[in-house]
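Below is one structure, written out as structure tokens; the observations come after it.
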Amino acid sequence: MNNKKLLRLLPSVDQMLRKPEVAGLIEQYARVTVTESLREILQETRDRVMDGGFDESATATGMEEGIVEALAERLRRKGLGRLKEVINGTGVVIHTNLGRSPVPESAVADLSRLAGRYINLEYNLQRGVRGSRHDLVRDLVCGTTGAEDCIVVNNNAAAVLLTLSAMASGKEAIVSRGELVEIGGSFRIPEVMEQGGARLVEVGTTNKTYIEDYQKAIGEDTAMLLKVHTSNYRICGFTDEVSRQELASLGRKRGIPVVEDLGSGILVHLEEYGIVGEPTVQDSIKSGIDIVTFSGDKLLGASQAGIIAGKSKYIKRIAKHPLARAVRVDRLTLAVLESTLRIYAQGERVLDRIPVLNMLTIPVSTLEQRAERLMELVTDIKAYAKVTIEKEYSQVGGGALPLERIETRVLTIEPKEMAVNELEKGLRMAKTPVIGRIVRDRYLIDVRTVFDEQLPVLAGMLIGVLSGGDGS
Ligand SMILES: *Cc1c(COP(=O)(O)O)cnc(C)c1O
């Protein structure tokens with residue numbers, strides 16, 4: 001039988017959806033979910049036909065039975081929700097694809113207490129009148145960073161857009177050529193400025209910009225001097241950039257506000273842990289910058305948000321702009337942000353309690369112990385794979401500190417009976433998905449980004465997949 005004839009034996013999605021066994025699955029998992037998985041399986045079966053995976057003996061009934069079985073299995077494995085916990089074995093701490101920052105436990109507790117109830121989001125309980133959602137975190141942000149005032153929006157991209165729209169629309173904003181960055185996901189500074197209605201005036205060159213370059217470019221229409229932290233790349237070698245102090249003092253002298261897009265927005269110094277080159281928000285404010293913008297879910301370690309902090313008169317103007325309503329922060333985000341900022345404000349065990357900071361500063365000896373514990377938990381896989389603990393390097397991720405390589409420990413797995421990409425796929429599709437990486441035909445799990453509580457689950461998935469099960 002040729003492939004064409006075999007393909008004709010395959011049922012359509014509609015035919016399958018009408019089968020009583022599939023109706024049972026629809027009741028359990030919802031129609032859209034079943035249809036989606038069914039399409040995947042039909043496509044895979046078609047591919048198998050083309051690869052010669054069926055022979056003369058194939059029948060329509062046999063194929064349909066196989067599809068129903070595979071469908072039930074896939075749905076069971078996917079579980080009920082689309083969003084699920086995954087185990088990050090990549091060692092990339094701020095992993096954009098995996099939700100960036102896991103939030104602190106205390107923030108999770110606060111969120112679960114508040115999310116399902118009414119809250120005083122915009123209600124002043126003391127005075128019994130309407131309040132502002134921005135009041136909820138103002139003292140925390142200002143107390144920690146030294147800023148006079150702040151507002152919180154959806155994300156840092158929105159913070160930059162709103163700031164430009166409110167302060168430089170129809171006017172000029174001066175930026176160094178060395179800072180015209182693309183952050184990823186098509187967030188490019190020149191394009192954001194265009195959206196914000198500001199005319200971009202580029203000064204200096206890619207590798208060198210001097211204060212005189214800014215001075216010369218200032219004209220009647222200049223509404224802002226903008227500094228952008230080049231978080232995701234470094235210009236090395238023959239370079240010069242204007243310091244924050246210099247730029248702030250020029251702005252003060254000429255009566256022009258100076259804005260800095262900091263990107264990551266770290267609130268603590270991590271130099272003693274070998275993490276250098278990321279300016280803190282308080283450093284920026286202290287050097288005289290009028291407005292700083294930064295993310296809530298990069299090195300700050302809270303929820304996705306953009307924080308605009310600085311001089312009160314500018315913050316007021318920004319808060320009044322019509323776009324502020326379009327990009328305003330929602331209550332769940334705010335609850336997590338408030339809770340996380342409280343940890344910084346209290347100042348106790350900050351590095352322990354904020355997961356991203358914990359992962360970045362964890363001693364190698366602790367990573368070694370974690371790797372050994374995992375090794376013990378997977379003793380059973382020795383028959384199926386060669387397993388070792390090795391030294392490797394983790395990354396900060398999220399576009400922050402691109403050159404930073406932090407020493408870590410990885411579990412390396414060299415399967416004996418399956419291809420390494422089969423192992424990778426099996427773990428990725430497991431009940432609790434595990435995301436690792438393949439380096440020279442070995443599968444690597446960086447234990448830096450694996451939570452201790454996840455170790456037994458991770459071991460279970462590894463044993464399941466390697467021993468030919470599915471990790472559940
Ligand atoms: C990450 C980043 C942004 C965008 O922030 P989001 O929170 O992802 O919206 C903007 N500017 C800089 C310099 C960044 O590093």
Side-chain angles (χ1 to χ4, degrees), residues 92-103 137 141 150-165 167-168 173 175-196 198 200 209 224-235 241 244 247 258-267 275 277-281 283-285 289 291-310 318 323-324 326-330 332-334 336-337 340-341 356 360 395-404:
V92 179
V93 176
I94 300 172
H95 199 303
T96 305
N97 299 156
L98 302 182
R100 275 198 187 161
S101 308
V103 306
V137 290
V141 172
C150 77
I151 67 165
V152 182
V153 296
N154 263 333
N155 51 42
N156 188 37
V160 177
L161 177 64
L162 175 61
T163 304
L164 281 161
S165 306
M167 299 187 41
V175 190
S176 158
R177 286 202 171 84
E179 297 175 355
L180 292 172
V181 298
E182 170 170 323
I183 303 302
S186 76
F187 181 89
R188 291 175 157 186
I189 288 295
E191 285 161 21
V192 176
M193 294 183 68
E194 197 183 315
Q195 279 300 316
L200 169 68
T209 303
M224 176 189 296
L225 305 179
L226 176 65
K227 189 166 178 61
V228 182
H229 179 51
T230 56
S231 37
N232 57 2
Y233 74 103
R234 294 276 185 272
I235 296 179
E241 67 170 318
R244 289 185 183 82
L247 201 61
V258 183
V259 175
E260 179 169 25
D261 172 17
L262 272 175
S264 296
I266 193 163
L267 297 176
I275 292 167
E278 198 63 32
T280 63
V281 178
D283 287 345
S284 177
I285 297 278
I289 299 279
I291 298 285
V292 295
T293 65
F294 53 99
S295 289
D297 60 343
K298 287 184 181 170
L299 290 167
L300 198 148
S303 41
Q304 180 193 298
I307 299 155
I308 311 174
I318 294 167
L323 204 54
V327 297
R328 78 173 178 184
V329 67
D330 98 293
L332 305 184
T333 302
L334 210 49
V336 170
L337 185 65
T340 309
L341 286 169
V356 290
L360 287 172
Q395 286 170 34
V396 179
L401 299 151
L403 303 182
E404 216 65 55

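Fair warning: this is a prediction, and the values are worked out from it, not measured in the lab. Just so you know, ligand 1 is whichever comes first in the structure, and atom 1 is the first atom listed for that ligand.
Ser284 and Glu260 form a side-chain donor-acceptor contact under 3.5 Å, judged by distance and modelled atom types alone.
Expressed to the nearest 0.5 Å, how far OG of Ser165 lies from CD of Gln195 amounts to 8.5 Å.
Shown are Leu164, Leu200, Val228; of these, the side-chain contact (heavy atoms from CB on, under 4.5 Å) with Val192 is made only by Leu164. Test Val259, Ile289, Leu247 against Leu225 for side-chain contact (heavy atoms from CB on, under 4.5 Å) and you get one pass: Leu247.
For the pair Val160 and ligand 1, no heavy-atom separation below 4.0 Å is found.
Geometrically, ligand 1 and Asp297 share no nitrogen or oxygen pair separated by less than 3.5 Å. Taking only nitrogen or oxygen atoms, main chain and side chain alike, Ser264 does not reach within less than 3.5 Å of ligand 1. Polar contact with ligand 1: absent for Leu262 (N/O pair, distance under 3.5 Å).
For ligand 1, the atoms closer than 4.0 angstrom to any heavy atom of Ser295 are 5 (O), 6 (P), 7 (O). Listed by number with element, the atoms of ligand 1 under 4.0 angstrom from any heavy atom of Ala157 are 4 (C), 5 (O), 6 (P), 9 (O).
Across the listed options Glu260, His229, Lys298, Lys298 owns the non-hydrogen atom lying nearest to atom 14 (C) of ligand 1. Between atom 8 (O) of ligand 1 and the options Glu179, Arg100, Gln304, the minimum heavy-atom separation is to Arg100.
In this structure the side chain of Asn97 never reaches within 4.5 angstrom of the side chain of Val92, judged on heavy atoms.
Looking at Thr280, its side chain does come within 3.5 Å of a backbone N or O of Asp283 through a donor-acceptor pair.
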